[in-house]
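Below, chains carry the letters A, B, ... as their sequence lines are ordered, and counting in each starts from 1.
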Amino acid sequence: MCGRGWVVGGMPELPDVEGFRRVAQRAGGRQVRSVRVCDAQVLRGVGSGEFQEALRRRYFQAPWRWGKWLVIPTSGAPNGGPGTPAVLAHFGMTGSFEWCRHGGDVHPHDRVVFDFAPGELRYHDMRKLTGLHLARQPGEVDELLAELGPDAQRVGVEEFGERLTRTRRGTKAALMDQSVLAGLGNICTDELLWRARVHPNRATTKLSADDLELLHQEMRVMLRDAVRAGRVPDDASWLTGHRDEPDQRCPRCSTALRRTRVGGRGTLWCPACQSD
DNA sequence: ATGTCTGTTTCCTA
DNA sequence: GTAGGAAACAGACA
């Protein structure tokens with residue numbers, strides 16, 4: 001489970017972060033014995049010393065997720081309820097949480113290790129595009145998450161439609177905007193647009209009420225299935241399963257898929273299924 | 001060897 | 001308001 005030479009799984013989007021939440025859950029109610037900072041570069045807005053001191057001897061509480069962010073509150077007692085300081089984790093493109101036994105090999109990409117009596121929780125990240133934040137007061141958690149829209153897994157159809165059409169952009173750009181909706185990344189968004197048969201560049205203003213309802217419904221189903229798998233499945237029935245194939249064909253109609261760029265991101269879509 | 005590509009966030013300019 | 005680009009980062013690949 002640890003010390004791997006490569007990163008398993010897709011880019012950390014909502015389903016992956018939900019998986020990391022379950023990993024971090026193993027430290028729930030456990031006391032931090034020490035914090036090892038192997039690479040201080042992943043600490044954001046806090047230095048090594050303060051980070052270590054603030055968390056040492058605190059008890060990790062149940063982690064919760066908002067979009068692609070994971071929040072781990074701490075308290076002064078095993079079941080003291082959520083409190084601060086809290087750790088806020090973002091996983092960028094290549095981050096993960098791993099639970100390891102003591103004494104395992106430390107991988108060069110293990111950046112921060114939280115030591116507990118039953119094992120270690122490791123923040124692992126090859127590229128260091130994002131990292132770990134420390135919320136010293138309860139208000140700081142809200143501050144750090146203030147710009148985020150509603151979580152994609154919990155948002156209702158009405159708010160979903162309202163927020164998406166509030167902006168005049170291509171649908172893909174709007175879905176990926178974390179301040180509109182929190183949790184979808186490049187892979188999930190392509191998958192969703194394909195399932196709902198919406199062209200990535202269709203203006204959100206041209207989405208009908210039926211389109212919005214379908215997008216919301218497909219988003220729920222996709223996230224449910226992906227969360228169950230702990231990642232976006234690399235399955236042939238999913239568009240995502242064909243991302244890296246040389247001859248990319250639509251799993252639904254076998255049309256050759258098209259690859260374009262939207263907002264600087266590689267975008268995969270079916271010219272026959274997805275209408276503008 | 002050098003350049004291109006990958007996807008997330010933040011910041012900048014048009 | 002929106003679009004586009006760049007930087008941050010490390011590695012795979014041609």
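- The CZ atom of Arg265(A) sits 16 Å away from the P atom of dC5(B) (whole-angstrom rounding).
- dG4(C) is paired with dC12(B) under the Watson-Crick or G-U wobble criterion, all donor-acceptor distances under 3.5 Å.
- Nucleotides dG1(C) and dT8(B) place their P atoms 24 Å apart, quoted to the nearest Å.
- Taking side-chain N and O atoms only, Arg127(A) has no distance below 4.0 Å to OP1 or OP2 of dT6(B).
- Across the strands present, dT2(B) finds its partner in dA14(C); the criterion is a Watson-Crick or G-U wobble pair with both atom distances under 3.5 angstrom.
- For the residue pair Asp235(A)/Ser237(A), the side-chain donor-acceptor check at 3.5 Å is satisfied.
- Going from atom CG of Leu14(A) over to atom C1' of dT9(B) covers 17 Å, rounded to whole Å.
- The 12-atom threshold is exceeded at CD of Glu162(A), counting heavy atoms of other residues, nucleotides or ligands nearer than 6.0 Å.
- Atom C1' of nucleotide dT2(C) and atom CE of Met176(A) are separated by 14 Å, given to the nearest angstrom.
- Relative ring orientation between Trp64(A) and Trp66(A) is described as perpendicular, the plane-to-plane angle rising above 60° on a 0-90° scale split at 30° and 60°.
- Separating the CE atom of Met93(A) from the P atom of dA7(C) is a distance of 17 Å, rounded to the nearest angstrom.
- When the C1' atom of dC11(B) is taken as reference, atom CG of Leu129(A) falls 15 Å away, rounded to whole Å.
- The ring of Phe91(A) has its center closer than 6.0 angstrom to the ring center of Phe97(A).
- Phosphate proximity of dG11(C) to His109(A): present, with a side-chain N or O under 4.0 Å from OP1 or OP2.
- At the phosphate of dT8(B), neither OP1 nor OP2 sits under 4.0 Å from any side-chain N or O atom of Gln178(A).
- Taking atom CZ on Arg44(A) and atom P on dT10(B), their separation rounds to 10 Å, with Å as the unit.
- In this structure, Gly170(A) reaches the sugar-phosphate backbone alone: every heavy-atom distance under 4.0 Å involves primed, P, OP1 or OP2 atoms, never a base.
- Residue Arg261(A) is classed as a sugar-phosphate contact, given heavy-atom separations below 4.0 Å to backbone atoms only.
- Listed candidates were dT9(B), dT2(C), dT6(B). Nearest to the side chain of Arg168(A) is dT2(C).
- Per the geometry, CG belonging to Asn186(A) stands 5 Å off P belonging to dT8(B), to the nearest Å.
- Exactly one residue among Arg65(A), Arg224(A), Arg220(A) makes a side-chain hydrogen bond (donor to acceptor under 3.5 Å, both in side chains) with Gln153(A). That residue is Arg65(A).
- Rounded to an integer number of Å, the gap from Leu88(A) CG to dT9(B) P is 14 Å.
- Contact annotation for Gly266(A): backbone-only contact, meaning every heavy-atom pair under 4.0 Å involves sugar-phosphate atoms and none involves a base.
- Between Lys128(A) and dT8(B) there is no side-chain polar atom (N or O) within less than 4.0 angstrom of OP1 or OP2.
- Ion pair Lys68(A)/Asp16(A) not flagged as a salt bridge, since none of the NZ, NE, NH1 or NH2 atoms sits closer than 4.0 Å to an Asp/Glu carboxylate oxygen.
- Here the separation of dA6(C) from dG3(B), taken at their P atoms, is 15 Å to the nearest Å.
- Using a 4.0 Å heavy-atom criterion, one finds that Arg169(A) contacts the sugar-phosphate atoms exclusively.
- Considering only the side chain of Thr167(A), dT2(C) comes nearest among dT2(C), dT6(B), dA10(C).
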